[in-house]
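Keep in mind that the numbers below use all heavy atoms, side chains included, and drop hydrogens, waters and symmetry copies.
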Amino acid sequence: MTHQPRLISDLCKLASISGALALSLSLAATPIMAQSYSEAPMLADQVAAGDLPPLDERLPATPLVVEPLESVGSYGGTWRQAMRGGSDNLLERTIGYTRLARWNSAWTEVVPDVAESVSVNEDATAFTFMLREGHHWSDGEPFTSADIMFWYEDVLMNTDITPSVPSWLRSGDDPVVVSAPDETTVVFTFPEPNALFLFNMATVRGSDVLAGSPRHWLEQFHADYNAEADAMAREAGAADWVQHFASKIQGPHARWRDEGRPVLDPWMLTEPYDGSGQVVAVRNPYYHKVDTDGQQLPYIDEVTYGVFEDRQAVILAAINGEIDFQNRHIETTDARPLIVQNRDQGNYDLWIAQPAWSNAMMIMLNQTHKDPVLREIFNNRDFRVGLSHAINRQELNQIIHAGTSRPWQAAPRPDTALFNEELATQYTEFDLDLANQYLDRVLPERDSDGFRLRPDGERLSFNINALTSRQFQIDSLELIKNYWAQVGVEMNVAPVERSLSETLRQNNDHDANVWIGGGGYDMLGLLDPKWYFPFEWQSSYASAWGIWVQNPNDPNAEEPDAAALRQLELYRQLQATPDLDGQLDLMREILAITQEEFRVIGTVMEPDRVGIVNRDLRNVPRSMPNTFFYMTPGPAVAEQFYYAN
């Protein structure tokens with residue numbers, strides 16, 4: 001992992017004296033000066049041929065030194081992976097985890113990455129990033145504060161491109177102000193404390209800054225810099241320059257569709273993503289990291305991704321030895337027996353992907369449904385409690401999870417600061433009589449088949465969407481469908497592809513859906529509270545409310561009810577609270593409302609998952625957190641992976 005003298009606990013706790021911060025905090029990499037630097041043979045050949053400048057001219061003045069996990073590596077090889085088309089974010093998680101500051105591999109601290117150092121003032125309103133002198137994009141152009149200012153002035157603050165500034169870049173209703181005193185200094189200033197800012201920068205959210213920052217490349221698509229931008233857009237099939245520009249920076253594959261796009265990542269594209277075939281990336285000759293012997297990283301020459309239509313094809317590639325390191329798409333419960341049994345055939349070992357969330361499957365009835373009758377039913381707490389008591393979680397655990405789990409709601413895990421046993425276990429008892437008592441209060445009338453009738457006399461029937469890639473959730477819902485039929489509720493299981501699921505939720509067009517989540521660990525709950533109250537469109541138990549939090553002017557947005565607004569108010573207080581103890585106290589107030597409202601029906605706790613690693617691959621952790629907010633496996637520092645043979 002990268003050398004770093006200060007721990008994130010320093011930042012989390014932000015130790016206060018008499019309610020005020022005693023000292024500003026600085027995060028800076030500890031330099032380890034090598035006698036000289038060396039490079040991969042493929043790059044040395046390009047230097048000799050006159051196609052590349054010498055290494056000393058390509059590295060920044062102070063490269064970031066990575067201490068290898070096991071040993072200094074050797075150059076060569078191809079890291080093979082497999083992804084699915086559509087909205088798969090594997091590229092961003094693996095070769096795209098580059099930030100101004102990032103998580104360390106243990107998820108215990110934020111460390112500098114692209115930035116040489118980060119300092120925070122006493123009240124967490126100003127964050128100063130010092131960039132590396134002499135840093136270059138992968139095409140050799142200088143990377144300076146001007147790139148960050150382009151993102152700020154021409155992307156973030158352009159309302160055509162960014163209609164609403166993301167919440168992590170605001171203090172209340174006021175957006176961040178970014179300034180650049182010189183070429184290597186960038187200051188993010190908030191009108192009020194934003195104590196979660198660095199944590200957010202280390203997550204998926206921090207990608208937006210650098211994705212919108214290669215100024216010299218993106219200017220060609222921006223009308224303020226190119227009078228032909230609209231014509232270029234129409235030629236590319238876009239309606240106008242704004243749509244064309246947004247396609248370069250927004251969405252799961254936006255920055256992976258253009259060969260030659262400059263990056264700061266360890267590898268750069270030579271075969272971009274087009275939805276099929278494969279994606280290929282080769283080492284970035286200007287990458288800013290070296291190992292403790294002065295060897296420029298990455299060690300691995302090339303990264304390839306086979307693009308498959310379904311998850312089963314990915315699993316088949318894994319057991320056939322065609323994947324070298326991965327957990328995405330192969331870590332599901334139903335895939336685990338195949339993955340475990342075929343280790344020798346596939347020439348791989350296993351590593352543990354520890355879930356950062358708490359629930360293997362949460363059921364979210366859309367309480368902002370466009371059908372007013374379904375909305376009224378789903379909004380009735382007794383209805384949700386009745387359905388919860390009608391789930392046989394012990395049987396679900398045995399059949400689906402081989403007894404490795406236990407009944408659980410969408411609540412923090414044990415051994416966390418926010419753990420609340422009552423919240424975690426409420427309404428998890430399987431009791432059909434009790435379930436009927438609750439449901440009879442809401443829908444007492446039944447038809448001749450024993451199914452409950454809506455207030456308008458129609459049979460109550462609704463769909464629950466589940467991803468086609470998560471067969472274990474589809475199987476779980478089939479069991480629950482039978483449980484609920486015993487109490488007169490007709491539910492239909494609706495397998496959907498991920499992109500369709502996202503479209504339905506963003507448009508508030510779904511009856512209900514299931515997802516993995518529920519907060520889990522304290523850090524995840526603080527950063528991603530969407531399972532505890534409607535915080536964004538993915539809070540699909542009340543999508544219209546979550547959409548309103550993100551953008552009140554969205555046509556699908558609706559102002560939340562009083563309880564959700566109170567939670568939002570508390571969370572905004574949390575975002576402005578510099579010390580961790582104060583943040584946790586506010587989070588407990590939020591969770592007390594979560595417990596009372598009971599908007600999400602949990603099933604069982606999420607058990608550990610597994611990933612695979614080629615037996616010849618070195619410097620690979622044997623366990624790591626598993627969540628998009630950690631960007632698994634990004635913080636494992638893949639640029640230090642190497643093949644022993």
Side-chain angles (χ1 to χ4, degrees), residues 8-9 12-13 103 106-108 195-196 199-200 203 352-364 384-385 388 391 393 397 401 404-429 514-536 538-542 546 563-564 566-568 570-575 577 579-609 623-630 632:
I8 200 63
S9 57
C12 287
K13 294 175 182 176
W103 298 120
W107 206 10
T108 57
L196 301 182
F199 302 155
N200 278 302
T203 71
I352 299 299
Q354 301 169 321
W357 49 87
S358 66
N359 216 274
M361 188 180 78
M362 301 175 300
I363 300 171
M364 291 168 284
R384 300 192 298 273
V385 172
S388 185
I391 298 174
R393 291 174 174 80
N397 177 35
H401 299 282
T404 60
S405 187
R406 56 170 156 162
W408 209 256
Q409 296 289 3
R413 284 177 173 266
D415 301 320
T416 62
L418 294 172
F419 171 62
N420 178 329
E421 185 172 5
E422 185 177 353
L423 170 61
T425 60
Q426 65 177 350
Y427 316 126
T428 56
E429 178 188 4
V514 294
W515 209 258
I516 296 172
Y521 288 91
D522 296 329
M523 185 64 70
L524 189 61
L526 291 173
L527 290 172
D528 185 26
K530 63 177 174 280
W531 311 123
Y532 298 145
F533 70 94
F535 179 65
E536 57 172 274
Q538 292 189 74
S539 303
S540 51
Y541 49 90
R566 174 58 180 159
Q567 289 178 298
L568 179 60
L570 289 166
Y571 188 71
R572 286 176 173 166
Q573 292 178 32
L574 184 155
Q575 290 174 305
T577 300
D579 66 285
L580 181 60
D581 289 341
Q583 293 170 6
L584 292 174
D585 285 342
L586 287 164
M587 200 68 198
R588 291 185 184 96
E589 291 189 54
I590 292 172
L591 289 173
I593 299 173
T594 299
Q595 181 174 337
E596 176 60 30
E597 294 299 313
F598 188 61
R599 298 195 183 278
V600 176
I601 302 171
T603 54
V604 297
M605 185 180 289
E606 172 71 359
D608 283 349
R609 304 292 189 174
S623 68
M624 69 182 75
N626 189 23
T627 169
F628 195 35
F629 275 77
Y630 175 79
T632 313

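When the side chain to side chain donor-acceptor pair (under 3.5 Å) test is applied to Asp585, the partners found at least two apart in sequence or on another chain are Arg588. Qualifying ring pair (Phe, Tyr, Trp, His ring centres under 6.0 Å) partners for Tyr541, counting only residues two or more places apart in sequence or in other chains: none. Partners of Asn200 under the side chain to side chain donor-acceptor pair (under 3.5 Å) rule, at least two apart in sequence or in another chain, are Arg205. The ring pair (Phe, Tyr, Trp, His ring centres under 6.0 Å) check on Tyr571 picks up Phe533, Phe535, with sequence neighbours excluded. For Arg413, the side chain to side chain donor-acceptor pair (under 3.5 Å) criterion is met by no residue, not counting sequence neighbours. Take Gln573 and apply the side-chain contact (heavy atoms from CB on, under 4.5 Å) test, not counting sequence neighbours, and it matches Arg566, Glu569, Leu570, Leu586. Residues forming a ring pair (Phe, Tyr, Trp, His ring centres under 6.0 Å) with Phe598 (at least two apart in sequence, or on another chain): Tyr427. Under the rule for a side-chain contact (heavy atoms from CB on, under 4.5 Å), the partners of Arg393 that lie at least two apart in sequence or sit in another chain are Ser388, Ile391, Pro407, Gln409, Thr428, Ile601, Val604. Applying the side chain to side chain donor-acceptor pair (under 3.5 Å) test to Glu421 and every residue at least two apart in sequence or in another chain returns nothing. In this structure, the side-chain contact (heavy atoms from CB on, under 4.5 Å) partners of Gln538, at least two apart in sequence or on a different chain, are Arg505, Lys530, Glu536. Scanning for side-chain contact (heavy atoms from CB on, under 4.5 Å) contacts around Ala410 gives Met362, Val600, with sequence neighbours left out.
Side chain of Asn359 to main chain of Trp408: a donor-acceptor pair is present (N/O by atom type, distance under 3.5 Å, no hydrogens or angles).
For the pair Pro412/Leu423, a side-chain contact is recorded, criterion being any heavy-atom separation below 4.5 Å from C-beta on. Taking 4.5 Å as the limit, some side-chain heavy atom of Asn626 sits within range of a side-chain heavy atom of Trp357.
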